[in-house]
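Just the heavy atoms: all of them, side chains too, but no hydrogens, waters or symmetry mates, feed the values below. By convention here, the first residue in the shown sequence is residue 1.
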Amino acid sequence: MQFSSLASACRERYPPDPMSKTSLTLTLACPDRRGIVAAVSTFLADRDCNILDAQQYDDAETGAFFMRVVIDPGAMILEDLKSAFAPLAESFSMRWTLRSRQDRYRVMILTSRTDHCLADLLYRWRIDELAMDISAVVSNHDASNFTHVDLSDLDFHHLPVTKATKMDQEAQLWSLINETRTDIVVLARYMQILSDGLAARLEGRCINIHHSFLPGFKGAKPYHQAHARGVKVIGASAHYVTGDLDEGPIIEQDVERISHRDTPEDLVRKGRDIERRVLARALRWRLEDRVLLNGLKTVVFTD
């Protein structure tokens, strides 16, 4: 079956959300106090907006309140609704966003030689499972390394890097992020450590996928290390990038049991599958405004 036919078949089987062209998503975080839900609900009802879905979380440890609401705005215009909501948000000291679900985020994907996560994200994007616009694909290796990935309809950038040129390469990368109006950066097995400065500029906008084991195995060949130690579970974590290497707020994790029969190659194969699905879920939730930062943690309103 040709790719175009496959994509069409997938779209028919998994049609886009019919609400996505008209509905809005409101997210907010603020200090918890009485009356927040009532105030938001009343505000929407007074403007003939209909609540299609609502989720909330009160963090008793931090005293913070989080909420996500999907809204049918009726006759209300997005910008008018934003302007009207701003005074209410200020009165509760809210950090908030209000976006049309039709307004797609622009996503830049960074990768190195290992391309399974890149290939998976591109497939999900092409069948409209991931509602995003890809601003660019960037790699520290040239396009000839990606023989299993179709990059023909994408803006590909080869930005090689060495220890001596790292800061210059990151300056080029940052310029590209700005030039392409990128909203979210995804490290799809991008085997380079971002500098503290770039990580800080991308706070809350950069998602990484990382193998996670108990105990944690860092450095080269983590699956071989895990095999040598006889671990019983392997897994992966998708998290926001911060200046602390692999210590950013976690968005999603998954694990799979293994046994003494599994070879290091089996662990690598199973690890690829876990990494693909964990990164895809984390990115989809971020695209749907389901992920809210809560200090060193996240609140994820899953569907």
Side-chain angles (χ1 to χ4, degrees), residues 27-30 57 59 61-64 66 68 95-97 105-112 114 117-118 121 132 135-136 138-140 159 161 163 166-178 180-220 222 235-255 271 274-275 278-302:
T27 64
L28 62 91
C30 62
Y57 172 64
D59 187 343
E61 293 183 359
T62 64
F66 303 86
R68 177 182 183 270
R95 303 190 316 272
W96 62 284
T97 64
Y105 284 108
R106 294 179 59 78
V107 177
M108 179 180 291
I109 304 175
L110 274 60
T111 190
S112 294
T114 306
C117 286
L118 171 65
L121 294 180
M132 60 184 179
S135 60
V138 179
S139 179
N140 53 319
L159 297 182
V161 61
K163 186 175 181 180
K166 182 176 180 64
M167 299 314 295
D168 288 339
Q169 190 254 18
E170 285 198 351
Q172 295 177 58
L173 177 59
W174 179 244
S175 294
L176 185 62
I177 289 170
N178 290 319
T180 57
R181 307 185 314 282
T182 292
D183 301 303
I184 301 169
V185 175
V186 178
L187 307 186
R189 292 303 303 270
Y190 181 63
M191 306 307 288
Q192 295 291 320
I193 299 173
L194 301 188
S195 68
D196 290 350
L198 183 57
R201 287 195 290 269
L202 291 174
E203 181 179 2
R205 298 171 54 196
C206 185
I207 299 172
N208 187 31
I209 185 66
H210 178 69
H211 57 81
S212 58
F213 300 110
L214 292 176
F217 298 108
K218 297 184 178 181
S237 301
H239 63 91
Y240 279 125
V241 172
T242 64
D244 295 325
L245 181 62
D246 297 325
E247 297 291 337
I250 295 169
I251 302 171
E252 171 63 344
Q253 293 178 300
D254 203 353
V255 297
I274 304 170
E275 290 168 5
V278 168
L279 182 58
R281 281 201 297 261
L283 178 56
R284 181 170 67 85
W285 290 336
R286 179 63 179 82
L287 295 172
E288 295 177 358
D289 297 305
R290 295 179 180 275
V291 184
L292 283 70
L293 280 169
N294 183 18
L296 300 178
K297 303 184 293 183
T298 60
V299 172
V300 183
F301 290 120
T302 57

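- Here CG of L110 is found 7.0 Å from CD1 of I177. Values are rounded to the nearest 0.5 Å.
- There is a side-chain donor-acceptor pair under 3.5 Å between R286 and Y240.
- M132 approaches L121 most closely through the heavy-atom pair CE-O, 4.2 Å.
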With side-chain contact (heavy atoms from CB on, under 4.5 Å) as the criterion, how do L202 and V241 come out once you've worked through the C-alpha distance, each side chain's angles and the decisive distance to 0.1 Å?
CA-CA 8 Å; L202 291 174; V241 172; over 6 Å; no

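- Residues I207 and A282 share a closest heavy-atom pair of CD1-O, 4.4 Å.
- With rounding to the nearest 0.5 angstrom, the CG atom of L198 is 7.5 Å from the SG atom of C206.
- The closest side-chain heavy-atom distance from L292 to F301 is below 4.5 Å.
- Here the shortest heavy-atom pairing between P249 and G295 reads CG-O, 4.0 Å.
- Side-chain contact between M108 and L176: present, with at least one pair of heavy atoms (C-beta onward) separated by less than 4.5 Å.
- Annotation for E252 and V278: closest pair O-CG1, 3.5 Å, computed over non-hydrogen atoms.
- Side-chain atoms of T111 come within 3.5 Å of backbone N or O of A188 as a donor-acceptor pair.
- Partners of T114 under the side-chain hydrogen bond (donor to acceptor under 3.5 Å, both in side chains) rule, at least two apart in sequence or in another chain, do not exist in this structure.
- Between L118 and R189 the shortest side-chain heavy-atom distance does not fall below 4.5 Å.
- Atom-to-atom distance recorded for E288:CD and R68:CZ is 6.5 Å, nearest 0.5 angstrom.
- Taking the six-membered ring for Trp and thresholds of 30 and 60 degrees, F66 and Y57 have nearly parallel ring planes, at less than 30 degrees apart.
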